[in-house]
Every structure is written in C-alpha cells, then in structure tokens.
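Order of listing sets the numbers, starting from 1, for every ligand and every atom in it.
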Amino acid sequence: MTDETAAAPPGDSADPPRKEWSRRSALLGLAAIGGAGTAGIGGLAYAGGRFPADRLTPARFADRFEQVYGKHAGFRRNHAKGVSAAGYFTADGAGTEVSRATVFAPGRTPVTGRFSLSGGLPDAPDTAPTVRGLGLLFHLPDGEQWRTAMINLPVFLDRTPQGFYARMLAARPLPATGKPDPEKMAAFLAEYPETAKAMAVVKRHPPTSGFHDSTYNALNAFRCTNEAGDTVPVRWSLKPAGPVGAGSTTAPPGRDHLFDALIAKVAREPLRWRLVLTVGRPGDPTDDATLPWPGDRRTIDAGTLTIDSVQTEAAGNARDVNFDPLILPDGIAASDDPLLSARSAVYSQSFTRRAGEPKTPSPVDVTKERR
Ligand code: HEM
C-alpha cells in the first residue's frame, strides 16, 4: 500500500485545542445502547489548563488513518473491507459462573456480525497476513446490547493508543520497495519495545486458511461480575468448531479470495465457533493487550456462535453498526486497558465521519457471480 494519494494530515497542523479522550467524546455521534463502562485514558495528561497542539485526540487519530490510507467516503477508517453477517449465539449456561450478563444464561441470542480485513482500503486485495476481524453485536432482551470487535492475532501490537498512532506511519510501505522504511521502523521499535515483543508472539501464530477457521480474540481484558457480585478479569475468544487449515503461502487468484471462500462456505452450511472465556488471576496484566496471559489460565466454554448468512454491506445491516467495545451488557465492564476508551472514541469519530458521507457500493458483493 502506498500513500501517494493520501490526503494531507489535518491533524499535523497547528490545531486549536481539541476534545480529549473521554467517555463523553466516545459517545458523541453514536446511539449508545446498553450499559457502557468507563475507563481511564492512561498517559494522556491534561497540561496547564490547555491541551497541547500535538495532543492525540479521536479526530487526530481518524486523520492519521486518512493520511495513511486515503479517504474513502462512506467506509470505515479501519477494517474498511468487509461483509455483513447474521446468526445467533447459543449459551450453554457455563458463563453465568463469572458473569450475570443475560447472554450467558442458557438460550439463544440473535447476532449481527461483520467479517473484515484491517486497513483503510475498502478494495484492498486479500492477503493471508492481513489481520482478519470479526465484529459482533448481541441483541439481548429489552434493547440491551453487547458489542465486541475481535481479531485473529494472539496479542495486539500496541500497548497504548500513542503506539498504534506512531506505528501506522512507521509501518507505512515505501512506494519504491513496498516495505516500511527500516530506519523509521527501528526508531519506532526503540521507542515502543513492547511492539517488538508482540510481533514475536504473532510470528509464532501464523494465520489459518480463511475467515471460517480463524480464532478471533478480543485481546483487551474486561471485568465480569456474577450474580453473587464476584468480579474477575476475563479475555474472550471465538475458537472455530470445525477443522483448522494452514494458511496458504501463495495467494490464490482473485482480489477477494478470502471473502469469496467465506461466502461460498456459508452458502453450503452454517459456520460455528465456541465462545471461550479465559479467567485471569491476580497479577495478570489487564492494561496491556500486547502481553499474553499464561497458558494455564482457566477457560469457560460459554456456548456456540453460529453464522448462517452473509450479506453485502448495505443500509440497515452491519455497515451501519459501530462495534464499539465499550457497549457492554450488565455483568461485563471495561478494564483499566487504555486501548478501550481510545478505541471507543476513535470508532465513534470514524462512525460519525462515514455516516455523514455519500455511500458507494461495497467492493465485496455477496450476490455477484464470483470468479
Ligand atoms: C487504539 C487502538 C485501536 C484503534 C484506534 C482502532 C481503530 C479502529 C477504527 C477507526 C475502526 C473503524 C470503526 C468504524 O468506523 O466503525 C476499527 C474497526 C475495527 N477494529 Fe479497531 N482499533 C484499535 C484497536 C483494536 C483492537 C485491540 C482490536 C481487536 C482486539 C480491534 C479490532 C477491530 C475490528 C474487528 C474492527 C472492525 C469492526 C467492524 O467490522 O466494524 N481494534 N478500529
């Protein structure tokens, strides 16, 4: 990906003071439904009654996506390429041990989902290493919702929003080589050594063959509270119920081969994942998504996610959902992870921008005759 056509970064000019990260800014422009947690904003201090001009704000973060990927009206600033999906979650009741959220009581909850590839290009060619995403919205009784956006990496590459913001520029491929500038990358990794460690963890978990057999991890920690009022740290994952294939090293033909395969599989039979809750122990990091928890942590198999249809993005389906990770039901709350409030605020900024823009058809068309 080159940035030759990228818009100038408005956030890099001498800006007037901007809104600080906050739950309030996170909720601006978004119809928040359900209990949303509050979270700290780690490390972004208020200085001397004014916000410094170089302060990282939701708008500046969204500007950075536009700087790196260009501006694509109507599309998400990240995970721009995707398809909408629908299905249901069948809880087996085991999750009630740690959370009183109604989604964990035995029974079925309808789900709206979205499969995506990371990056801000709606028509990026599918490649195996591109991060795969799955956003889910659980429609709980009485209008309550649980929204979560997960990816197929075992850890996140950044501990702080500032790290992600800096990495986007450092990792931007040079037009001449198609690879990041080695000097910029080395300087970035020296400043953010946690990313180098996270990259090593990611390397040990190569991608699977497609969307259908990927494990999707929420990565950020949350706090679950059960009926008795006991609270524990939890990270959740979706593990494929079917067989897992190795990723291909040579890309099959077709710009959309990963999406094509997903569409064909769902047309044949519903896809299933187990929702696994991993329970942290005291001392396990809840504020650092670059660090895996020890492998021996207790897991609870809370039930099965079934995806039985996918749709081209359109008005009224997942295209118009903001998978804000802080839209949480009673029984699940945010942890002290600084990424959570940043994500919520930037997703809201991205959602507000794209909601006000003209829409063009999604390049991933489920109804089209696939090649
Ligand atoms: C500071 C950290 C992060 C920032 C600034 C960020 C930014 C964004 C933005 C701007 C969007 C598009 C939102 C929209 O328009 O609806 C997005 C989507 C997404 N993000 Fe993040 N992200 C961050 C961390 C993460 C993490 C830790 C995960 C996974 C654990 C993740 C997974 C996803 C997924 C799956 C989507 C697509 C959801 C959908 O289909 O709408 N992101 N992200």
*Those atoms of ligand 1 less than 4.0 Å from some heavy atom in Leu219*: 30 (C)
*Identify the protein heavy atom lying closest to atom 2 (C) of ligand 1, giving its residue, its atom name and the separation to 0.1 Å.*
Phe164 CD2, 3.4 Å
*Quick one: do Asp256 and Lys81 make a salt bridge, cutoff under 4.0 Å?*
yes
_For atom 16 (O) of ligand 1, closest protein heavy-atom neighbour_ = Arg354 NH2, 2.8 Å
*Is Ala218 in contact with ligand 1, taking contact as a heavy-atom separation below 4.0 Å?*
yes
_Which residue and heavy atom of the protein sit nearest atom 12 (C) of ligand 1, plus the separation_ = Asn78 O, 3.4 Å
*Looking at atom 40 (O) of ligand 1, what's its closest protein heavy atom, distance included?*
Arg114 NH1, 2.6 Å
*When you measure from the side chain of Arg77 to the backbone N and O of Tyr347, does any donor-acceptor pair fall under 3.5 Å?*
no
*Parallel under 30°, tilted from 30 to 60°, perpendicular over 60°: which one fits the rings of Phe65 and Phe164?*
perpendicular
*Run the salt-bridge test on Glu313 and Lys359 with the 4.0 Å N-O cut-off and return the result as yes or no.*
no
*Crowded around Arg354 CZ? As in, over 12 foreign heavy atoms under 6.0 Å?*
yes
*Is ligand 1 less than 4.0 angstrom away from at least one heavy atom of Gly133?*
yes
_contact_flag Tyr216 ligand 1 heavy-atom lt 4.0 Å_ = no
*Measure centre to centre between the rings of Tyr192 and Phe188, then say whether the value is under 6.0 Å.*
yes
*Any idea which atoms of ligand 1 are less than 4.0 Å away from a heavy-atom of Phe65?*
7 (C), 10 (C)
*Would you check the N or O atoms of Ser116, main chain and side chain alike, for any that come under 3.5 Å of an N or O of ligand 1?*
no
_Sole candidate of Leu238, Asn217, Asn220, Thr215 that passes side chain to side chain contact (heavy atoms under 4.5 Å, CB included) when paired with Met150_ = Leu238
*Is it the side chain, the backbone, both or neither of Tyr165 that has a heavy atom closer than 4.0 Å to ligand 1?*
neither
*Minimum-distance protein heavy atom relative to atom 13 (C) of ligand 1*: Ser350 OG, 3.7 Å
*Among all protein heavy atoms, pick the one closest to atom 25 (C) of ligand 1 and tell me residue, atom and distance.*
Arg343 NE, 3.2 Å
*For ligand 1, which atoms sit closer than 4.0 Å to a heavy atom of Ala149?*
29 (C), 30 (C), 33 (C), 34 (C), 35 (C)
*Would you check if the distance from the ring center of Phe89 to the ring center of Phe138 is below 6.0 Å?*
yes
*Hey, is ligand 1 close enough to Asn217 that some N/O pair sits below 3.5 Å?*
no
_I need the nearest protein heavy-atom contact for atom 42 (N) of ligand 1: residue, atom name and distance, please._
Tyr347 OH, 2.8 Å
*Which atom pair, heavy atoms only, marks the closest approach of Thr286 to Ser335?*
O-OG, 3.2 Å
*Quick check: does Arg76 get an N/O under 3.5 Å from an N/O on ligand 1?*
yes
*Closest non-hydrogen protein atom to atom 38 (C) of ligand 1, residue and atom name please, with distance?*
Phe323 CD1, 4.0 Å
*Does Tyr165 belong to the same Ile/Leu/Val/Met/Phe/Trp/Tyr cluster as Met199, with side-chain heavy atoms less than 4.5 Å apart forming each link?*
yes
*So which bit of Met150 gets within less than 4.0 Å of ligand 1, heavy atoms only: side chain, backbone, both or neither?*
backbone
_Quick one: does any side-chain atom of Ser237 pair with a main-chain N or O of Val276 as donor and acceptor, under 3.5 Å?_
no
*What's the verdict on side chain to side chain contact (heavy atoms under 4.5 Å, CB included) for Val83 and Val366, showing C-alpha distance, side-chain angles and the deciding distance?*
CA-CA 8 Å; Val83 288; Val366 172; 4.0 Å; yes
